[in-house]
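In the text below, chain A, chain B and the rest are named by the order of the sequence lines, each starting its count at 1. Below, each value reflects all heavy atoms present in this structure, side chains not excepted, and no hydrogens, waters or symmetry copies.
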Amino acid sequence: MSEERKPLNFIEQIIEEDLANGMSKNNLRFRFPPEPNGYLHIGHTKAIGISFGLGEKYNAPVNLRFDDTNPAKEEQEYVDAIKEDVAWLGYKWDKELFSSDYFQQLYDWAIHFIKEGKAYIDSQSSEAMAEQKGTPTQPGVDGPYRNRTVAENLELFERMKNGEFDEGSHILRAKIDMQHPNMLMRDPIMYRILKKEHHRTGNTWCIYPMYDWTHGESDYIEQISHSLCSLEFKPHRELYDWFLDQVVDQSLIRPKQREFARLNLSYTIMSKRKLLQLVNDGIVNGWDDPRMPTISGLRRRGYTPNAIRKFVETVGVAKRDNIIDVSLLEFCIREDLNKTAPRVMAVLDPVKVIITNYPEGKEEWFDAENNQEDETAGFRKVPFSKELYIEKDDFKEEASNKFFRLKLGGEVRLKNAYIIKAENVVKDNEGNIKEIQCTYSEDTSKKVKGTLHWVSIKHAIKAEVREYDRLFIDEAPDSHQDKDFMEFVNPNSLKTIKAFVEPSLKEAKIGECFQFQRLGYFNVDNDSSSEQLVFNKTVGLRDTWAKQKPKQNNNQPQKPSNSQQQRKAIDVIQKLGKKYTNLSEEKQLKVKAEIQELAKNVSYDELQPLFNTAVKKVGTRIAVALALAVLLQNGQERNGDVNDFINKALEDKNELLVFEAKALS
RNA sequence: UGGCCUAUGGUGUAACUGGCAACACGUUGGUUUUUGGUACCAAAGAGUCUAGGUUCGAGCCCUAGUAGGCCAACCA
């Protein structure tokens, strides 16, 4: 078997390098460290996928560690929800751990720091400390308590721990460097007083360690080899390493923090705080609302772990900011459901069809294939009768032959049943179509272009269908400095429909996924009961017909084409020039004309700097020559610079350039 | 008066560590089809932010610039 080299992402490359440099594969260990202060969302799935994915790839353990150092925000409810979500995604953690497990060890180390003169108690207000800290562009200054004696520090810290002081009156800081260019190194806080009950340690502690102090040391205690987090923690790495330096035993694994770009999805927000606001403001009905990008929301919407994992895998891992198009997510769920979801028929927006030549009272039960993508899926029975529903959109009195659904005088196939022909329509006083009268033919071998889905009115079950649209109408709702993301909330993100579904769906269970043929994928919502079936639309089928129809809603995002036009002519010329020499002769002529046209809007001052373009950049020089010709024609005088440029071009070995230069001389 | 990170088709990620840019989504055609779905075929779309440099050769290395992001919570 030839070994295929699958490209490695930069984190895998780092690991491979470490392995090559002698690290044992057995020492590989990862962790996923959520703070239990909210629900996991699709963005977290990337972090989960990276660390757990590495665990699977290298057969290494992955800990689930709750970063619970702030009792004010964290709750058991979130711990449970997070565990459920990670497990649902199909990942298995090695140990379930909590940073709070390490509070004693952290405390002991802190004492050690104080004794070594590497930490001290500060007793100022947070405002005073913030002022001394400086700004990103200005260094900080030492505070008045920075040089307390070890004995004094030890005593105060002891009393902090014993609860003798109020919140905010003292803190423990690492003693590093108040002038450090990295603000995180300007004597960062290690402990603060918080007289709150902790979800796990109760009232044992009233001082709690800060993230920076806790995280690296927790990694070290657990012997995590690679500690992976998102980009905004990059500046923390220096501090992470500093803290580690103070305690690390050379014979043990020293964890490495590495950072990747977090996932952003178009038309979506990822901030827990903002998601919470949607919940609190009643924009959505809870964290698991199917419109939410939370894992629980996606689950309820009908997304599968498979699809989400595939998505995260496809998205890749790198270090630059990104916005992933939701269409990729939709592709992943369609791809998965196409293979697995049983097909059924449902009519969401019904219009009545009467089959005039079908006997009154007769019914037939046809075999219908459950899933042509899956041979083992089998068949079910669907009932047929004289009166049916089809979709309103599937009928037009008159239409061009591009419309191959039902029209007067035309024939279509009813999926799994007969071919019918529309003969007549009955309308109410206002001209709305009340029923379509058709005749059927038992010859089903005939070739007809359209196939429609339908339900027998007599047998159909009423069901509620919830159709969702994106929650925001802006591609990046929280990226506008001047506008609040709430301004972009889509008021029509939920549409509730009374639909008719085939009777086989009567026994459908909560969570089950179906393809409503020709419409999309739907799953049974939690709100569903034996009296009232409720479906969520997970995602529609690809609909190439909809694209052909003239667009009715002109809310199309404006094309960024004007920004293209606004690009300065000289820049465009430069760009065109670059590829000039690689083009076919025919295309060269086109580009040449384009450059000549653009050159009319170029000033000499813009062009002049390009005269000394590097010799090897022939294409650019040709473009300059072409533009120069236009300028000269329009009265630009030939000065020394111009002549130098021309002469140099004449001496070039590239024929095209020489040709254009000759035209100038 | 700063530090750090990033820059490749519309989007995302690659490019065997320097050898004339690939894959997926999306887009556009077409074939098949009892889903205008799926599957399959094909096409268009970037010459790698700019300018210099090193090199026989640069998307990969160096220098300078530009643009974007992150850093001033007793949050994580």
Trainee: B:rU35 P sits how many Å from A:Tyr521 OH, rounded?
Mentor: 13 Å
Trainee: Rounding to a whole Å, what distance do you find between A:Met178:CE and B:rC71:P?
Mentor: 19 Å
Trainee: When you get a sec, tell me which of B:rA14, B:rC5, B:rU35 is the closest nucleotide to the side chain of A:Lys234?
Mentor: B:rC5
Trainee: B:rU38 P sits how many Å from A:Gln517 CD, rounded?
Mentor: 14 Å
Trainee: OP1, OP2 of B:rG36 versus side-chain N and O of A:Arg405: anything below 4.0 Å?
Mentor: no
Trainee: Mark yes or no for whether A:Ser51, through its side chain, and A:Ile48, through its backbone, hold a donor-acceptor pair below 3.5 Å.
Mentor: no
Trainee: Taking the minimum atom-to-atom distance to the side chain of A:Glu232, which one of B:rC70, B:rG69, B:rC75 wins?
Mentor: B:rC70
Trainee: Any donor-acceptor pair under 3.5 Å between the side chain of A:Gln515 and the base of B:rU35?
Mentor: yes
Trainee: Is there a donor and acceptor pair, one atom on the side chain of A:Arg334 and one on the base of B:rG37, closer than 3.5 Å?
Mentor: no
Trainee: Paired with B:rA22: which nucleotide, if any, by Watson-Crick or G-U wobble criteria at under 3.5 Å for both distances?
Mentor: B:rU13
Trainee: With both distances under 3.5 Å as the test, what is the Watson-Crick or G-U wobble partner of B:rA7?
Mentor: B:rU66
Trainee: I need the NE2-P distance between A:His453 and B:rU34, as an integer number of Å.
Mentor: 18 Å
Trainee: Hey, does the Lys NZ or Arg CZ of A:Lys407 hover above the aromatic six-ring of A:Phe395, less than 6.0 Å from the centre and inside 45° of the axis?
Mentor: no
Trainee: Any sub-3.5 Å donor-acceptor pair from A:Glu167's side-chain atoms to A:Lys195's backbone N or O?
Mentor: yes
Trainee: Would you indicate which nucleotide in B:rC70, B:rU33, B:rU35 comes nearest to any side-chain atom of A:Lys447?
Mentor: B:rU33
Trainee: Rounded to the nearest angstrom, tell me the gap between atom NE2 in A:His199 and atom C1' in B:rA76.
Mentor: 13 Å
Trainee: Between B:rU38, B:rA76, B:rU35, which nucleotide has the shortest distance from any of its atoms to the side chain of A:Asn338?
Mentor: B:rU38
Trainee: Nearest to the side chain of A:Phe331, heavy atoms from C-beta on, is which of B:rU34, B:rG36, B:rG26?
Mentor: B:rG26
Trainee: Which whole-number value in Å describes the distance from A:Arg186 CZ to B:rA73 P?
Mentor: 11 Å
Trainee: Just the rounded figure in Å: distance from P of B:rA73 to CE of A:Met129.
Mentor: 10 Å
Trainee: For B:rC61, give the paired nucleotide (Watson-Crick: N1-N3 plus N6-O4 or O6-N4; G-U: N1-O2 and O6-N3; both under 3.5 Å), or none.
Mentor: B:rG53
Trainee: Can you find a donor-acceptor N/O pair under 3.5 angstrom joining the side chain of A:Glu373 to the base of B:rG37?
Mentor: yes
Trainee: With the criterion set at under 5.5 Å between ring centres and under 30 degrees between planes, would B:rG36 be stacked on A:Trp545?
Mentor: yes
Trainee: For A:Arg518, which of A:Thr451, A:Asp394, A:Asp543 qualifies under side-chain hydrogen bond (donor to acceptor under 3.5 Å, both in side chains)?
Mentor: A:Asp394
Trainee: Examine B:rU27: is either OP1 or OP2 under 4.0 Å from a nitrogen or oxygen in the side chain of A:Lys547? Give yes or no.
Mentor: yes
Trainee: For B:rG10, measure the glycosidic angle (O4'-C1'-N9-C4 for a purine, O4'-C1'-N1-C2 for a pyrimidine) and name it syn if it falls within 90° of 0, otherwise anti.
Mentor: anti
Trainee: Does B:rC75 have OP1 or OP2 sitting under 4.0 Å from an N or O in the side chain of A:Arg192?
Mentor: yes
Trainee: With a 4.0 Å limit, can you tell me whether A:Thr544 has a side-chain N or O closer than that to the phosphate oxygens OP1/OP2 of B:rG37?
Mentor: yes
Trainee: Which nucleotide wins on minimum distance to the side chain of A:Gln13, given the candidates B:rU17, B:rG2, B:rA76?
Mentor: B:rU17
Trainee: So if I take every side-chain heavy atom of A:Leu328 and compare against B:rC75, B:rC25, B:rA76, which nucleotide ends up nearest?
Mentor: B:rC25
Trainee: Going by the side-chain hydrogen bond (donor to acceptor under 3.5 Å, both in side chains) test, name the single residue among A:Glu502, A:Lys415, A:Glu391, A:Gln517 that passes it with A:His453.
Mentor: A:Glu391
Trainee: Please classify the glycosidic conformation of B:rU17 as syn (within 90° of 0) or anti (everything else).
Mentor: syn
Trainee: Supply the atom-to-atom distance A:Cys229 SG to A:Arg31 CZ, rounded to the nearest 0.5 angstrom.
Mentor: 6.5 Å
Trainee: To the nearest angstrom, how far is A:Glu335 atom CD from B:rC40 atom P?
Mentor: 10 Å
Trainee: Taking the six-membered ring of A:Phe260 as reference, does the NZ or CZ atom of A:Lys46 fall below 6.0 Å from its centre and within a 45° cone about the axis?
Mentor: no
Trainee: Under 4.0 Å between a side-chain N/O of A:Lys319 and OP1 or OP2 of B:rU6, yes or no?
Mentor: yes
Trainee: On the ring face of A:Tyr521, is A:Lys537 found with NZ or CZ under 6.0 Å from the centre and within 45° of the axis?
Mentor: no
Trainee: If we call it a pair only when both distances are under 3.5 Å in a Watson-Crick or G-U wobble match, what pairs with B:rG2?
Mentor: B:rC71
Trainee: Closest to the A:Tyr211 side chain: B:rG3, B:rA76, B:rA24?
Mentor: B:rA76
Trainee: Below 4.0 angstrom from OP1 or OP2 of B:rA76, is there any side-chain N or O of A:Thr214?
Mentor: no
Trainee: Between B:rU35, B:rA76, B:rU13, which one does the side chain of A:Asn322 approach most closely?
Mentor: B:rU13
Trainee: When you get a sec, tell me which of B:rG26, B:rC5, B:rU34 is the closest nucleotide to the side chain of A:Ser327?
Mentor: B:rG26
